[in-house]
Amino acid sequence: MKGLLIKDMRLTMKNYRMLIMFLCLAAFFVFSSTGVEFAIAYIMMFLGMSVMTTISFDEVDHSNAFLMTLPVTRKIYVREKYVFAGVCLLIGLVIGDVFGLLAQFIRPSGDFSLEFMIGSLATFIIYWNLVAIMIPIQLKFGGDNGRLVTIAIAAVLAAAIIGSMKLVELLSIDTQGIVNQLMIKVKETNGMILIIPIAIITIIVTASTMAIALKIMKKKQF
Amino acid sequence: MIEIRDVRKSYKSFELNCSMNVLPGCITGLVGANGAGKSTTFKSILGLLAPDSGEIRIFGKDISELTIAEKEKLGVVMTDSGFSEYMTVKDIVPILNAMYHAFDKNKFLEECERFQIPLNKKLKEFSTGMRAKVKILVAISHEANLLILDEPTAGLDVIARDELLELLRDYMNNERAILISSHISSDLEGFCDDIYIIHGGKIVLHEATDALTDEYGILKLDEKQYATIERKHLLYMKKEAYGYCCLTKEKQFYAENYPDIVMEKGSIDDVLIMMERGERL
């Protein structure tokens, strides 16, 4: 796996100009009055999505066929993509917190606080789940088609959410009351009540998408 | 080293039906025209395509059962695939170093220098020859026992082809084996110990290279000669302006019994042309 990680890191660094641009953007927000969280979200998105870029690189010129002849298995290939995504997002998380800390020193009303750290951790988890879902889609449908399928899935999800909200309205369920009660609980426990459900959802998403990605790779013919 | 038994793979307009063996200490060539099934055979061997039926064994095992350590003993060149073309040789070195225990970084870099391969240039900016050299240098950089080389000399000029084949000749020893394909048969005639000819997805001929050049011959016959000649040793016939061109595996028989006929030494190209355009007798 180490060799594949080095390969993906080297490929990602080919796009270093974009990363520098995002870092400059984050640095700009540190000095400005706008929240640094905005830039952090973009940095994490860039780093998290870089795993998709590496899959596209692997597909160009059928490079992935050659990769499968190296001392790796299809299982290792899939696992490596998840590890690489995790490492990239972790780097994004660290960069984000460093920028938050910098903002604290530069501006008296700086952004760095426990809330900021929880916020960046939440961004990390959201992106992790998003990337975990996108990996098998990208492996199955490739670069351009993969993006279209992702958009289609997002549209279906949005339609499902809107549909559920309409259904709740029709059934006259007091959603506002439930949300308020939940928010009180969250505040009472400093958000700790959310940790277990989020962890369970993340584990389920990771395990199931990884299993799907592996199945896709095992069936893939080059 | 490689054992292929009745491997079949069907597509809409093509069917592969192949059996062959690659023995230790031997350079085995797979020759065929474009679209004959060489790459499909190679991809099946490497586990990149799942055959519909049949059995493929490498080092006595199914490719899917090979351990990582056993895969390290394989060196592969694929005609239409390799490391991402956005990478440089400098990018490839640490990858190989991490993947292969036996990778000799210094030797690899020395070879790159010998072949004047730039280390910091993207592979996509390389000439066809340079790219082919890098692929072969990568395949032989980690003491692989089995080299599987699909068209490693494609697109190269005569000098570059000779250089690369020389490199591979030097690499061979009794414990190693090479399976190499090419549509340029002259490359393989002087290089391989054993030749398989594939045509329309089927292995149509398997001979030791020496036997192919010593026993096969092309007879050039006029109408009268063709009408009277013993035909039981003729394999293929093709109509020509002067009469008939025939392929035989019993060159000696015709040399002794028909001293007047014009006969040329057989070559892989002759066999391929006769199979493609000739009529089976």
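Throughout, a chain's letter reflects where its sequence line sits, starting with A, and its residues are numbered from 1. These values consider heavy atoms only, across backbone and side chains, with no hydrogens, waters or symmetry-generated copies.
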Determine, stepwise, if the pair B/D52 / B/R8 fulfils salt bridge (charged side-chain N to carboxylate O under 4.0 Å, His left out).
CA-CA 6 Å; B/D52 301 332; B/R8 285 168 191 265; over 6 Å; no
Stepwise, does the salt bridge (charged side-chain N to carboxylate O under 4.0 Å, His left out) test hold for B/K9 with B/E15?
CA-CA 6 Å; B/K9 178 81 186 166; B/E15 191 188 44; over 6 Å; no
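With a 4.5 Å cut-off on non-hydrogen atoms, B/I68 touches chain A through its backbone and its side chain both. Neither the backbone nor the side chain of A/K219 comes within contact range of chain B; no heavy atom of the residue lies under 4.5 Å from a heavy atom of that chain. For A/I76, the part lying near chain B is the side chain, with the backbone staying farther off; criterion is any non-hydrogen pair under 4.5 Å. Of the atoms belonging to B/K90, it is backbone heavy atoms, and not side-chain ones, that fall under 4.5 Å from chain A.
Of all the listed residues (B/E72, B/K122, B/K71), the one sharing the greatest number of non-hydrogen pairs under 4.5 Å with chain A is B/K71. Per-residue counts of heavy-atom pairs under 4.5 Å with chain B were compared for A/S63, A/A65, A/P71, A/G3; the largest is that of A/P71. Per-residue counts of heavy-atom pairs under 4.5 Å with chain B were compared for A/V60, A/L67, A/L11; the largest is that of A/L11. Contact count versus chain B (heavy atoms, under 4.5 Å) is highest, among A/D58, A/V72, A/T73, for A/V72. Between chain B and the residues A/K2, A/H62, A/R10, the most heavy-atom pairs under 4.5 angstrom are made by A/R10.
Side-chain contact, B/T153 with B/D187: a donor N or O sits under 3.5 Å from an acceptor N or O. With 3.5 Å as the limit, one finds a donor-acceptor pair spanning the side chains of A/S120 and A/D97. With 3.5 Å as the limit, one finds no donor-acceptor pair spanning the side chains of A/S56 and A/E59. A donor atom on one side chain and an acceptor atom on the other are not found under 3.5 Å apart for B/K121 and B/T88.
Using non-hydrogen atoms only and a strict 4.5 Å limit, no part of residues 82-95 of chain A faces chain B. By a heavy-atom distance cut of under 4.5 Å, not one residue of residues 46-53 of chain A is near chain B.
Residues B/H142 and B/F103 keep their aromatic ring centres 6.0 Å or farther apart.
You'll find the side chain of B/D91 stays beyond 4.5 Å of the side chain of A/I6, heavy atoms only. A 4.5 Å side-chain heavy-atom check between B/E151 and B/V77 finds every atom pair outside the cut-off.
Residues forming a side-chain contact (heavy atoms from CB on, under 4.5 Å) with A/L214 (at least two apart in sequence, or on another chain): A/K75, A/V78, A/K218.
Residue A/K14 holds its NZ atom at 6.5 Å from CE of B/M87, rounded to the nearest 0.5 Å.
Cation-pi check for B/R176 over B/Y171 is met; the charged atom lies under 6.0 angstrom from the ring centroid and within 45 degrees of its normal.
Within the structure, the ring-ring contact (aromatic ring centres under 6.0 Å, His included) test picks out no pair touching residues 198-222 of chain A (sequence neighbours left out).
Taking every heavy atom of both residues into account, A/T206 and A/T209 meet most closely at O-OG1, 3.2 Å.
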